[in-house]
Amino acid sequence: MDKRFYITTPIYYVNSLPHLGHAYTTIVADALARFYRLQGYEVFFLTGTDEHGDKIAKAAEAQGKTPKQFVDEIANTFKETWDKLGINYSYFIRTTSDKHKRVVQHVLQTLFDKGEFYLDEYEGNYCFGCERFLTPKELDEKGLCKDHKAPPVYLKEKNYFFNLEKYRGWLKDYLSKTEVIYPSFYREEVLNLLEEPLPPLCISRPKIRLSWGIELPFDKDYVTYVWFDALLNYLTGIGYPDDPSWQDYWANSHHLIAKDILRPHAVYFPIMLKALGIPMYKKLFVHGYWLMGSLKMSKSLGNIVSPLELSQTFGVDQVRYYLLRDMAFGYDAEFSLPNLINRINADLANDYGNLVNRTLSFLERNFGGTIPPWGELTPEDREFREKVERGIIRYLEEFPRLNFHTALEELWQAIRFANVYIDREAPWTRVKEGNYQRAGTVLRNIISAIKSFALALYPVLPNSSLTLLSALSVFPNTPSVIPSEASTLSFKDLFNWELPASGTKIKRCGPLFPRVDEEKILKEEQKVEVKKEAEVKEEPQYITIEEFRRIDLRVAKVLFAEKVAGADRLLRLEVSCPEKRQIVAGIAEYYEPQELIGKEIIIVANLKPAKIKGLVSEGMLLAAKDADGLAIIIPEKEKEPGAKVG
RNA sequence: GGCGGCGUAGCUCAACAGGUUAGAGCAUGUGGCUCAUAUCCACAGGGUUGGGGGUUCGAGUCCCUCCGCCGCCA
């Protein structure tokens, strides 16, 4: 039986830069990929970018770029981000690649030939943000799209439709009999949705309106709807339909998504597969959101946490650990810096890092850094081994169920117990008594456990695990993070207490996880937030009625007007409001002094006086300006000079 | 409106199909150790398990109802 594991992330839509949500999904996928590799599986890990659609074409246009330039840039940003986060994917798929286009066209033609599509005229409210027609219920009171707060455009057009309803019964039956969707409450959600008839899926967009997409092979006037295009990436990635090995991977396909794209993955995609005669994928893993102060992360709220920034500040392994440890897979979790720092300091620095450091430095100081031979094992030594093994076994059970938070907690119980064990057995006291054999046995027991911790944690903490394992000289050929690690590292060695072997020379590696100065970081963070708030405040905002009332607007009668010498644009006015004032105004290009005299105008009476060309201006007159010129504002009926405007 | 989820110590979460004084970790307090990244170990305080009612010998766990938060669908 083939041991293969195929894991995918969604292909990320290139209308935004990588954020924490993307990073989480991708890190989970990477951790699973590494986990299965160490279990001896042949793993294919696919990620990539989704690059077609209205939004992309418009975003490119807004930046004065061609769509191609635009998507190339963003796709590269994603790649760079994943490289920096140590994501070891097998293939990065782009929906604009020729390879993918051929697959999409092949699928479209196949389904068209099978008669799955029909042409129909449709009219309705189209939202460019959603890239689809909206039902009346998706509009708010003002007739705007609820998601995008933008007015939809009324369109009438012919399109190709895919009759999903035909397959609803099959899908309902399939999902209720299997456990493809995990956690199961998302399956319930989908089943609930399948109680109602499914509307047909529009799979095309007329080229007249949008050309940034894959052309329908059977109608040159249309391109493919983005979702139909995007979902097929999971097939393209493993070489469908030409490379025969695709089926081996497909039989073991696992798809990670966030809950917002449940419907396309749990309804559209299975039906597309069914219509094509391709077996259902094996698993759909659905996770929740990282909330920022209980709000879903979103660009407009300006609370995006940059995964790159985080990893630069705290370290890649630290961020990976926090994300996997603090979210119960499937549920939403709250992202917080104090929690992140707490995890780093308490779990990584204090429990694990310090355990490693105290053990290795003790070995170096008292045993010259060489692994001593075993003495006789005491019941305490055996108890220690049992607890370590139990923790690892529980970890290995929970991990593939995506219960990373439980898996890590189980393993940490073993790590914490290692600290208890070393305290109880106090090798430093044995050494003082001259009992090196006893001290050495305890030390070896711990070092072997550390080797297992590092190995087990490799999927979560790849960098520090490799550092540690090579310091322990356990896997002397351990090169670097990149692919060949699978050939040297294996979970088979998790329960091997003979590693590292007697006589092995250990190099110290210094603290693996430096403690984080919480106060310092939080202060810096506050500064950034204050800055961000200030920036937000610069955006157009409403003013209050009180703020408006502070402006003293009055009617003023022009008593006298003349040009200001040496200035083409300025007029000097004397006005009564009712006290006499001098106002200098830049209206000489539009008004002759004579035509103003006797007129009533509106002035801002409490504007801070300013000197213009040596003349004091005690106020400002109101005027409206457009391309045709300028017009002063005058009361519609004559009013007393000084009359309040408001 | 329909379906579903959540609400347990200051914080993050446990508690398999109802069963002894509701558990961990973090944070807090006290003591100890000194190999170690001011780390580690021990002990302690802290909860009327959102409110109310019911079933049961026994309920955080089942039922009803109310409150609050959330998701999907309409």
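The analysis underlying the following values was restricted to heavy atoms, covering all of them including side chains, and did not include hydrogens, waters or symmetry mates. Below, read A as the first sequence line, B as the second, and so on, with proteins coming before strands; counting in each chain starts at 1.
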ask   = What pairs of residues pass the salt bridge (charged side-chain N to carboxylate O under 4.0 Å, His left out) test when at least one of them lies in residues 435-444 of chain A, not counting sequence neighbours?
value = A/Asp381-A/Arg438, A/Glu425-A/Arg438, A/Arg444-A/Glu498

key: Near-ring test A/Phe491/A/Tyr395, centroid separation under 6.0 angstrom   = no

task = Classify the nucleic acid contact of A/Arg424 as base, sugar-phosphate or nothing, counting any heavy atom under 4.0 Å across all strands shown.
result = nothing

Interatomic distance where CD1 belongs to A/Ile446 and P belongs to B/C41 [whole Å] = 12 Å

task = Between A/Asp326 and A/Lys259, just flag the one whose closest nucleotide in RNA chain B comes earlier from the 5' side.
result = A/Asp326

remark   = A/Phe314 CZ to B/U37 P, in whole Å, measures 22 Å

query = Do NZ/NE/NH1/NH2 and the carboxylate oxygens of A/Arg205 and A/Asp54 come within less than 4.0 Å?
reply = no

List, with names and distances, any nitrogen or oxygen atoms from the protein found under 3.5 Å away from nitrogen or oxygen atoms belonging to nucleotides 24-26 of chain B.
residue	atom	partner	partner atom	Å
B/C26	O2'	A/Asn342	OD1	2.8
B/C26	O2'	A/Asn342	ND2	2.6

query = If you measure only the distance, is there a donor-acceptor pair under 3.5 Å linking the side chains of A/Ser464 and A/Tyr352?
reply = no

inquiry  = Measure CG/A/Asp332 against P/B/C13 and give the value in whole Å, please.
reply    = 11 Å

key: Sugar-phosphate, base or nothing in reach of A/Leu512, heavy atoms under 4.0 Å   = base

message = More than 12 heavy atoms of other residues, nucleotides or ligands under 6.0 Å from CD of A/Glu376: yes or no?
response = no

task = Rounded off to whole Å, could you give me the CZ-to-C1' distance for the A/Phe329 and B/A14 pair?
result = 20 Å

message = Of the options B/C41, B/U39, B/C35, whose atoms approach the side-chain atoms of A/Arg515 most closely?
response = B/U39

request  = Report the distance from atom CZ of A/Phe404 to atom P of B/C13, rounded to the nearest whole Å.
outcome  = 17 Å

query = With rounding to whole Å, what would you report as the distance between B/G31 and B/G19 at their C1' atoms?
reply = 37 Å

key: Side-chain N,O (A/Arg358) to OP1/OP2 (B/C40) below 4.0 Å   = no

message = Within the 3.5 Å criterion, strictly below it, is a donor on A/Tyr458 or A/Arg34 matched to an acceptor on the partner's side chain?
response = yes

key: Minimum-distance nucleotide to A/Tyr331 side chain [options: B/U34, B/G5, B/U39]   = B/G5

ask   = Who are the side-chain contact (heavy atoms from CB on, under 4.5 Å) partners of A/Arg385, not counting sequence neighbours?
value = A/Trp374, A/Leu377, A/Asn445, A/Trp497

message = Ring centroids only, cut at 6.0 angstrom: are A/Tyr160 and A/Tyr225 within range, meaning strictly under it?
response = no

ask   = Is A/Arg394 salt-bridged to A/Glu409, going by a charged N under 4.0 Å from an acidic O?
value = no

query = Rounding to the closest angstrom, what is the interatomic distance between B/U61 and B/U20 at atom C1'?
reply = 16 Å

inquiry  = Rounded to the nearest 0.5 Å, what separates atom CD1 in A/Ile447 from atom CG in A/Leu499?
reply    = 12.5 Å

request  = Give the intermediate values and the outcome of salt bridge (charged side-chain N to carboxylate O under 4.0 Å, His left out) for residues A/Asp50 and A/Lys55.
outcome  = CA-CA 11 Å; A/Asp50 182 10; A/Lys55 266 187 272 190; over 6 Å; no

task = Considering only atom C1', compute the distance from B/C62 to B/G1 and round it to an integer number of Å.
result = 27 Å

note = Rounded to whole Å, CG of A/Leu193 lies from C1' of B/G2 at a distance of 13 Å

task = Measure from NZ or CZ of A/Lys274 to the centre of the six-membered ring of A/Tyr167 and say whether it is under 6.0 Å with the direction within 45° of the ring axis.
result = no

request  = Answer with yes or no after comparing the ring centroid distance for A/Phe269 and A/Tyr234 against a 6.0 Å cut-off, counting only values under it.
outcome  = yes

ask   = Is it true that A/Glu386 and A/Arg382 have a side-chain N and a carboxylate O under 4.0 angstrom from each other?
value = no

query = A/His405 has a side chain; which of B/U39, B/A14, B/G71 sits nearest to it?
reply = B/A14

query = Heavy-atom count around A/Glu380 CD within 6.0 Å, excluding the residue itself: above 12?
reply = yes

query = Once you round it to whole Å, what is the distance between P of B/C35 and CZ of A/Arg508?
reply = 13 Å

task = May I ask you to verify if any side-chain N or O of A/Asn357 is less than 4.0 angstrom from the OP1 or OP2 atom of B/C35?
result = no

remark   = In 5'-to-3' order, the base (B), backbone-only (S) or no-contact (-) status of each nucleotide in nucleotides 28-33 of chain B, using a 4.0 angstrom heavy-atom cut-off, is -----S

note = Those stems involving RNA chain B that have three or more consecutive Watson-Crick or G-U pairs, both distances under 3.5 Å, are B:1-7 with B:67-73, B:10-13 with B:23-26, B:28-32 with B:40-44, B:50-54 with B:62-66

message = I need the OH-P distance between A/Tyr186 and B/G4, as an integer number of Å.
response = 17 Å

task = Identify, residue by residue, the members of residues 163-173 of chain A with a heavy atom below 4.0 Å from RNA chain B, and return them in order of residue number, or none.
result = none

ask   = How is A/Asn419 classified with respect to the nucleic acid when contacts are heavy atoms under 4.0 Å: base, sugar-phosphate, or nothing?
value = sugar-phosphate

message = From the set B/U37, B/G71, B/A36, return the single nucleotide nearest to any side-chain atom of A/Ala349.
response = B/U37

